[in-house]
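These notes concern the structure reproduced below.
Here is how names work: the chains are called A, B, and so on, in the same order as the sequence lines, proteins then strands, and each is numbered from 1. What you see is a predicted model, and the numbers here were worked out from it, not measured in a lab.
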There are 2 protein chains.
Amino acid sequence: MSRLPLSDKMLDLVARRFRTLGEPFRLRLLQSLEQGEKTVGELVQLLDGHQPNVSKHLQILHDAGLVSRRRDANSILYAISDPMVFKLCELVCRSAEKQTRKDYELLHPPLQRSKRG
Amino acid sequence: MSRLPLSDKMLDLVARRFRTLGEPFRLRLLQSLEQGEKTVGELVQLLDGHQPNVSKHLQILHDAGLVSRRRDANSILYAISDPMVFKLCELVCRSAEKQTRKDYELLHPPLQRSKRG
DNA sequence: ACATTAAATTACTATATCACCATAGATGCA
DNA sequence: TGCATCTATGGTGATATAGTAATTTAATGT
């Protein structure tokens, strides 16, 4: 995008990253990590999820380089490693909000006089 | 993300948008439209795709509000409607490049002396 | 109205991804 | 070592998404 056409491999990489962010549960994980690192167990509690599921999603985020991992005794602490994700989400949120507002106004025009007059 | 926790519906919306961008073919479509509007046929040629496939992806992009559509005689012209996508892609590209560089350096450390001495 | 061109829709198969369950691995402590 | 806790991994079924072919819809021109 940034000016020049991207190579196929780069396109795949970029697409893969977008897909990584394309799961609500993973977005919630990232959201939960925004204020600081947390253990898997804490995230399981916070998000009311199943442990294996949480682990798997964290793995995916880790593979994408979005979160970092460190061991503390028995637990693993996950943390945001690339704060760019929040900038991304903000952009998308704004755009999505704009869109939903537009959709809404299509259904409910800011009527001077209603459709049925 | 943007400070406050998002509602479930908003999370779904945002995730859906990320998934929309999570297909290399759609990124190529957007890339092709960066310089200006194009007909479906032109995009089919440019990307060497099948017409129904191109149409379907364009439909998805249109549903997401990322491209606009207008008829010109027999053809339909598509155009970028939300240039934000390019900002998004740039962010992701930069981050992906950083990541790949890091991965590379892990495999090929900037050796003062090589591993085999 | 008919033929032609352009695009969208439908139907189908193949692949990918998710949630869930059971189980394995790793660490800490007695 | 043996047990408890925390996390990761493997397998399975359900769902979603992509790609392709066949068909339909829309517009143009004769």
Under 4.0 Å, counting only non-hydrogen atoms across every strand here, what does [X] touch: a base, just sugar-phosphate, or nothing?
X       : result
B:Ser55 : base
B:Arg16 : nothing
B:Ile60 : sugar-phosphate

*Any donor-acceptor N or O pair under 3.5 Å, side chains B:Gln59, B:Arg69*: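 There is such a pair (donor and acceptor under 3.5 Å, judged by atom type) between the side chains of B:Gln59 and B:Arg69.
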*asked:* Any donor-acceptor pair under 3.5 Å linking the side-chain atoms of A:Gln51 with those of A:Ser55?
replied: yes
In whole angstrom, what separates [X]'s [atom1] from [N]'s [atom2]?
X       : N      : atom1 : atom2 : result
B:Ile76 : C:dA8  : CD1   : C1'   : 9 Å
A:Leu29 : C:dC18 : CG    : P     : 12 Å
B:Asp72 : C:dA7  : CG    : P     : 10 Å
B:Leu77 : C:dA6  : CG    : P     : 13 Å
A:Asn74 : C:dG25 : CG    : P     : 16 Å

*May I ask you to evaluate whether B:Thr39 reaches the phosphate of C:dA6, defined as a side-chain N or O under 4.0 Å from OP1 or OP2?*
no
*Answer yes or no: does a side-chain N or O of B:Arg71 lie under 4.0 Å from OP1 or OP2 of C:dA6?*
no
*How about A:Leu29 and A:Tyr78: do any of their side-chain heavy atoms sit closer than 4.5 Å?*
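A:Leu29 does not reach A:Tyr78 side chain to side chain.
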*Got A:Leu21 and A:Leu30 here, is their nearest side-chain heavy-atom distance under 4.5 Å?*
yes
Heteroatom pairs (N/O) under 3.5 angstrom, protein to nucleotides 19-23 of chain C:
residue : atom : partner : partner atom : Å
C:dA19  : OP2  : A:Asn53 : OD1          : 3.0
C:dA19  : OP2  : A:Asn53 : ND2          : 3.4
C:dA19  : OP2  : A:His57 : NE2          : 2.7
C:dC20  : N4   : A:Lys56 : NZ           : 2.8

Let me confirm one number: the [atom1]-[atom2] distance from [X] to [Y], rounded to the nearest 0.5 Å.
X       : Y       : atom1 : atom2 : value
B:Arg94 : B:Cys89 : CZ    : SG    : 12.0 Å
A:Gln45 : A:Lys38 : CD    : NZ    : 12.0 Å
B:Arg70 : B:Ser75 : CZ    : OG    : 10.5 Å
A:Ile80 : A:Leu33 : CD1   : CG    : 5.0 Å
A:Arg19 : B:Glu23 : CZ    : CD    : 5.5 Å

*Could you write out DNA chain C as a dot-bracket string, with dots for unpaired bases, | for bases paired across to another strand, and Watson-Crick or G-U pairs counted at under 3.5 Å?*
||||||||||||||||||||||||||||||
*For A:Thr20 and A:Arg26, what are the C-alpha separation, side-chain angles and deciding distance, and is it a side-chain hydrogen bond (donor to acceptor under 3.5 Å, both in side chains)?*
CA-CA 8 Å; A:Thr20 298; A:Arg26 287 197 280 272; 5.4 Å; no
*What is the 5' to 3' range of DNA chain D, first to last nucleotide, that sits under 4.0 Å from any heavy atom of chain A?*
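Using the under 4.0 Å cut-off, the span is D:dT5 to D:dG11.
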*asked:* If we check side chain to side chain contact (heavy atoms under 4.5 Å, CB included) with B:Leu58, which of these qualifies: B:Leu43, B:Leu66, B:Asn53?
replied: B:Leu43
